[in-house]
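Quick caveat: nothing in here was measured; it's all calculated off a predicted structure.
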Amino acid sequence: MILQNLTSNSSEPSGDMGVFMFGHCGDMMAGIIVWASLSALFSLVGCPACVAVLLELFRRHKAGTPVSPNDVFMLNLTIMDLVFLFFVPLGLCNFLLWYIRPIQMLSNFLYALNLAGRPLFTACICLDCYLAVVHPVTYRTRKSLIPRVLMAAAVWTITVTQGITFKVVSEMNHSAWAMSVYIIALPIIISCDVSILWALKKSVHAGGDLHPRKKKALQIITNSMVMTVTSYVPPVLAYILGDLIISDDTVYECFLAIPILITPTAGSAIMPLLYLGNLGGLKSPCCSDG
């Protein structure tokens, strides 16, 4: 993962950790400051948003609304986002001021959850949405929560295993395996979103009026796609093209690899905000029970 690549040096022992850290990017702090400032801002905005989403899911369940298949993935994704965003300020303070190795290792691990788990859970949400919109009859007959719970458990297992493995076997940080979750998740996310947009637009071209619910669903999918491409594509491009654009490892870390982490952090705040922004009585075709 990019975070593990860029922090592998910062977590190595050194005689004077403070001098080592600031010496590493001492003359190139602009990117670090931008990354730290925006990360803190997204944490400040995203944590309350994640809590609000969890409270809304709990309120709906307490009010007697059945748990939908999509709620299972949204619950897990929100918990993952909340844990990550809650720790961001502590991780930033450690990165910039304290340089405590165990905290740095925990920070690296939580970034691994964010970088690997989020795209996989987003892919699960999009796939569930695709089945609900494009194959509604099949979806209604196969709405059992058990497969979704098993899928969520599999995502957690893959994410935690990959985070631990990449931390133990540092050589894998620089291999193609670092981008494996993106290779799996991005095609699913993009193809499902495009298929949903196409199916909803076809209903309009067929001469029927688009139901207000579907209009809102169309906007949700559009926003989701924009967020996904903005949040997930930049780290992939930085990993693939970074060495070709910038040959110096220090410049790559300080000017590209660390600042690019703003985008997945932003995704952790944007996703719950999008969800909350479309709550007004909406149960979209991709997320409703029926």
Side-chain angles (χ1 to χ4, degrees), residues 1-8 10-11 25 29-54 74 76-97 103-123 125 155 159 162-163 166-167 173 178-179 181-182 185-186 189 223-239 242 252-277:
M1 290 301 167
I2 291 179
L3 187 278
Q4 292 166 311
N5 290 340
L6 65 92
T7 56
S8 58
S10 69
S11 59
C25 292
M29 289 298 294
I32 305 298
I33 293 172
V34 171
W35 162 69
S37 301
L38 290 180
S39 294
L41 175 61
F42 290 132
S43 174
L44 182 65
V45 173
C47 281
C50 288
V51 172
V53 170
L54 294 177
M74 194 66 198
N76 282 272
L77 178 57
T78 304
I79 291 174
M80 183 176 287
D81 283 339
L82 180 60
V83 171
F84 168 70
L85 291 172
F86 183 79
F87 186 82
V88 162
L90 181 62
L92 290 175
C93 289
N94 186 68
F95 185 86
L96 297 172
L97 300 172
I103 295 180
Q104 185 62 56
M105 293 176 67
L106 178 59
S107 179
N108 291 351
F109 178 74
L110 291 177
Y111 263 100
L113 290 183
N114 177 260
L115 290 168
R118 292 203 80 258
L120 290 177
F121 272 125
T122 304
I125 291 173
V155 170
T159 303
Q162 179 161 320
F166 276 59
K167 192 61 188 174
N173 294 329
M179 289 289 106
V181 293
Y182 289 89
L186 281 179
I189 294 170
N223 291 340
S224 175
M225 178 178 267
V226 171
M227 186 281 298
T228 299
V229 172
T230 303
S231 180
Y232 301 147
V233 171
V236 174
L237 293 179
Y239 184 90
Y252 169 74
E253 270 188 37
C254 299
F255 273 121
L256 181 61
I258 295 179
I260 207 68
L261 288 172
I262 293 169
T263 59
T265 304
S268 293
I270 291 173
M271 179 67 86
L273 289 175
L274 286 174
Y275 182 85
L276 292 171

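Side chain of Ser39 to backbone of Trp35: a donor-acceptor contact under 3.5 angstrom is found. With hydrogens and angles ignored, the 3.5 Å screen pairs a side-chain donor or acceptor of Arg118 with a backbone N or O of Gly267. With hydrogens and angles disregarded, a donor-acceptor distance shorter than 3.5 Å links the side chain of Thr263 to the backbone of Ile260. Judged purely by atom type and a 3.5 angstrom limit, Ser43 has no side-chain atom pairing as donor or acceptor with the backbone of Phe86.
Residues Met271 and Thr122 have side chains in contact (heavy-atom distance under 4.5 Å, counting atoms from C-beta outward). For the pair Ile32 and Leu96, the minimum side-chain heavy-atom distance is below 4.5 Å.
In this view, Tyr232 satisfies the ring pair (Phe, Tyr, Trp, His ring centres under 6.0 Å) rule with no residue, not counting sequence neighbours. Partners of Phe42 according to the side chain to side chain contact (heavy atoms under 4.5 Å, CB included) rule, which considers only residues two or more places apart in sequence or in another chain, are Leu38, Ile262, Thr265, Ala266, Ala269.
Taking each heavy atom of Leu106 and Phe87 in turn, the nearest pair found is CD2-CE1, 3.6 Å. Between Ala116 and Gln162, the shortest heavy-atom contact is CB-NE2, 4.4 Å. Residues Leu85 and Pro89 share a closest heavy-atom pair of O-CD, 3.4 Å. When every heavy atom of Ala185 is checked against every heavy atom of Pro119, the shortest pair comes out as CB-O, 3.4 Å. The minimum heavy-atom distance between Leu115 and Val181, with the atom names listed, is O-CG2, 4.2 Å. Considering every non-hydrogen atom in both Gly117 and Val155, the closest pair reads O-CG1, 4.1 Å.
Atom CG of Asn94 sits about 12.0 Å away from atom CE of Met105, to the nearest 0.5 Å. Atom-to-atom distance recorded for Ser268:OG and Asn114:CG is 4.0 Å, nearest 0.5 angstrom. Phe121 CZ to Asp81 CG: the interatomic distance, rounded to the nearest 0.5 Å, is 10.0 Å. From Ile189, atom CD1 reaches atom OH of Tyr182 across 9.5 Å, with rounding to the nearest 0.5 Å. With rounding to the nearest 0.5 Å, the separation of CD1 in Ile79 from CG in Asn76 is 5.5 Å. The CZ atom of Phe109 sits 14.5 Å away from the CD atom of Gln104 when rounded to the nearest 0.5 Å.
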| Could you go step by step and tell me if Phe95 and Ile103 meet the side-chain contact (heavy atoms from CB on, under 4.5 Å) rule? | CA-CA 9 Å; Phe95 185 86; Ile103 295 180; over 6 Å; no
